[in-house]
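We count ligands from 1, going down the list as the structure has it; atoms in each ligand are counted the same way. These figures come from a predicted structure and were not determined experimentally.
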Amino acid sequence: MEFEQAWLNYTKKGSCDMVDQLTYICVKAQNSGQDALLKSSVAELQRAFSGFFGRQLALCRSSEADKWDSKTEHGIYLALLEGMQPESYHVYEENGEITIEASDSRGILYGVFELIRQVQTDRARKGMKIFKAPAMPLRMLNHWDNMDGSIERGYSGNSFFFQNDRILVNERTVTYARLTASVGINAVVINNVNVKDAATWLITERYLDKVRELSDTFAAYGIKLYLSLNYAAPIELGELENADPLSEEVRNWWKKRMALVFDKVPNLGGFLIKADSEGRPGPFTYSRTHADGANMLAEAAAPYGGIIIWRCFVYNCQQDWRDEKTDRARSGYDNFIGLDGKFLDNVILQIKNGPMDFQVREPVHPLFGGLTQTNQMLEVQIAQEYTGQQRHLCYLIPMFQEILKFRTYVQETDDRVEDIVSGKTFGQHNCGMAAVANTGDDANWTGHDMAAANWYGFGRIAFEPELSAEEIAKEWIRLTYGDDKQVEEALLFLLMHAWEAYEKYTAPLGIGWMVNPAYHYGPSVDGYEYSRWGTYHRADHEGIGVDRSHEGTGYACLYREPNASIYDDKERCPDALLLFFHHIPYTWKLKSGKTVIQHIYDTHFEGVAIVDDMVDRFMKLEGKLPEKPYLRMLKRFLHQKEHAREWRDQINTYFYRKSGIPDEKGRKIYGGVR
Ligand code: GCW
């Protein structure tokens with residue numbers, strides 16, 4: 001399959017004050033010839049400068065630097081030196097030379113991509129001085145790719161890691177690694193957390209040589225490869241009768257297995273595990289805890305520096321919809337809070353941003369701020385499972401930023417989610433942020449060309465959470481499409497309004513769901529209402545919402561104060577989350593002054609109007625954007641325009657029929673009560 005270069009598009013004009021004098025790249029590091037990362041760094045610079053300026057930069061080792069006449073020629077220096085924080089870099093200009101300094105070669109590579117970004121955005125100026133250090137230690141992508149080549153919740157083609165139960169390593173893999181590393185992502189899980197069939201065998205001789213090849217390819221770009229693990233592997237590989245984490249036999253089995261795996265793939269970062277969740281095996285079968293399960297694996301992986309990332313997405317997916325006391329939102333918290341402090345140091349709990357499942361709006365997961373003695377990672381999803389599946393535009397970075405800035409009140413300062421997962425709050429080093437990836441083998445990688453902004457943006461905020469969503473969007477536009485002002489303005493408007501629009505025309509006020517079961521696309525208000533998944537809106541003719549206050553399921557009380565009291569109180573709970581926390585009459589007045597029902601009608605009309613405006617603005621770019629991406633995007637935007645109407649009309653009609661309350665603005669709502 002053909003593939004494009006996305007934002008590493010070095011054909012667009014960039015600028016650099018000193019480019020006319022730059023003739024060489026000089027590497028100041030011992031054994032630089034053997035360091036794959038330094039080689040990648042040099043190659044990337046050469047590629048970029050030849051793409052931008054048609055300049056072939058020659059490579060010299062430090063000993064040869066003198067041979068260039070320093071009066072007329074200058075170089076870019078890549079220098080490894082002691083004393084800087086891991087992965088951090090300096091990029092600066094002095095006397096016509098550009099220097100990139102770091103203490104490790106990953107820092108050099110990130111510095112190189114920084115310089116390239118500066119050139120592409122016309123900021124590579126005389127006297128520039130940039131110092132950057134990543135906020136989060138682990139910046140990870142989780143791919144849900146299956147070995148048959150399909151992708152769970154994949155919206156951009158098939159896997160480029162797997163095909164017919166084989167692992168693929170090719171040119172596309174290298175470009176993927178370059179794109180991923182260019183935004184500072186340093187870890188990748190290649191296979192689906194639902195580990196079944198051939199994927200269970202990834203930790204056996206059948207695949208380890210190929211896993212090694214892939215991990216070496218990634219390593220050249222500073223990316224550690226991780227695998228998702230099948231908790232029941234000892235059984236499913238036909239070697240043991242059970243997988244009890246406290247059984248000596250099972251523990252030894254894992255020790256031997258880890259010895260083999262790390263012997264074959266010494267670069268491997270570790271494993272991601274989904275256990276006792278949605279039918280996956282886990283320690284519950286043996287009446288053991290998640291800590292027992294995770295620690296068994298952690299102990300086996302520890303001698304090799306392996307990390308065990310254990311997911312907290314654990315809930316009862318066999319719920320009876322009649323049961324109003326059981327609350328899926330509580331389950332992650334209830335399952336893990338009692339285990340705080342019981343996990344080994346090489347275990348990280350991976351917690352979804354919200355307590356449900358990547359809805360367009362959810363409160364922040366109460367385990368953030370709940371756990372104080374456990375390594376934690378934030379899991380977000382850039383695959384837009386519930387946010388338009390990469391057919392609708394939904395730029396998610398503004399949402400992620402809200403989550404990162406959320407104050408947990410676990411302590412007086414440095415208590416935001418961002419502080420926790422950066423390791424600031426509790427002094428942890430095994431922590432960070434993971435995103436469920438949105439890539440596939442489509443030529444443009446992400447189905448919707450503009451969905452690439454989520455991949456780009458995720459890496460950028462995990463590295464530098466203080467960047468604004470808008471700055472990131474601008475960078476991405478500039479890097480991908482060049483410096484045309486009209487293009488920048490229009491695409492920026494689209495990106496910055498997309499989440500708001502999507503939230504407006506889909507499920508209202510934080511209630512979520514209302515999608516077609518199983519494939520999760522398109523409106524179906526009652527799609528999940530009478531199901532076993534624990535995802536209800538409880539609408540009747542008087543009102544809607546789930547009572548999660550102290551009188552209801554008590555979920556609101558899982559937060560620290562003042563969050564708990566705010567969420568618990570209908571009057572103080574933010575409008576955006578009101579139906580998540582409370583069952584509310586349609587006639588209830590929101591803080592905006594509107595009733596709930598009028599808010600529903602208004603936002604649904606507004607959401608569609610924003611999309612219409614977005615599409616109009618987009619269509620003015622005909623002839624300004626390259627034809628192929630323009631046509632690809634146009635198709636999706638026209639679909640979004642129509643589909644947003646479908647959402648609006650189904651939601652509005654549903655609530656009109658339920659409540660019998662007409663729209664006070666008299667707009668067209670279909671059916672029922674007159
Ligand atoms: O809600 C679910 C998704 C599943 C996914 C699961 C998870 C990988 O619909 O497809 O399984 O979340 O996060 O484990």
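The proximity of V193 to ligand 1, defined as any non-hydrogen pair under 4.0 Å, is limited to the side chain. Here F313 has side-chain heavy atoms under 4.0 Å from ligand 1, and that is the only part of it that gets that close.
Nearest heavy atoms, Y559 versus P363: OH-CB, 3.4 Å. Looking at every heavy atom in both residues, W253 comes nearest to E239 through NE1-OE1, 2.7 Å.
Of the protein's heavy atoms, E385 OE2, 3.3 Å lies nearest to atom 3 (C) of ligand 1. The protein atom (non-hydrogen) at minimum distance from atom 4 (C) of ligand 1 is E152 OE2, 3.3 Å. Protein heavy atom in closest approach to atom 1 (O) of ligand 1: D357 OD2, 2.0 Å. Here the heavy atom of the protein found nearest to atom 6 (C) of ligand 1 is E278 OE1, 3.2 Å.
D145 and N191 share no side-chain donor-acceptor pair at under 3.5 Å. Side chains of E152 and N194: a donor-acceptor N/O pair is present below 3.5 angstrom, by distance only.
Comment: R645 does not engage E642 in a salt bridge, judged by the lack of any side-chain N to carboxylate O separation of less than 4.0 angstrom. A salt bridge is defined here as a Lys NZ or Arg NE, NH1 or NH2 lying under 4.0 Å from an Asp or Glu carboxylate O, and K352 with D357 meets this definition.
Considering backbone and side-chain atoms alike, N192 places every N or O at 3.5 Å or more from each N or O of ligand 1. For a threshold of 3.5 Å applied to N or O pairs, the pair formed by E379 and ligand 1 contains no separation below that value. Of the N or O atoms in W144, none lie within a sub-3.5 Å distance of an N or O in ligand 1.
To the nearest 0.5 Å, the span separating CG on D526 from CE on M514 amounts to 8.0 Å.
Within the 4.0 Å heavy-atom cutoff, Q381 does not count among the residues contacting ligand 1.
Of all atoms in ligand 1, listed by their number and element, those nearer than 4.0 Å to a heavy atom of K274 are 6 (C), 7 (C), 8 (C), 11 (O), 14 (O).
Ring planes of H643 and Y521: parallel class, angle under 30° (limits at 30 and 60°).
The closest heavy-atom contact to atom 11 (O) of ligand 1, among the options N194, T535, V314, comes from N194.
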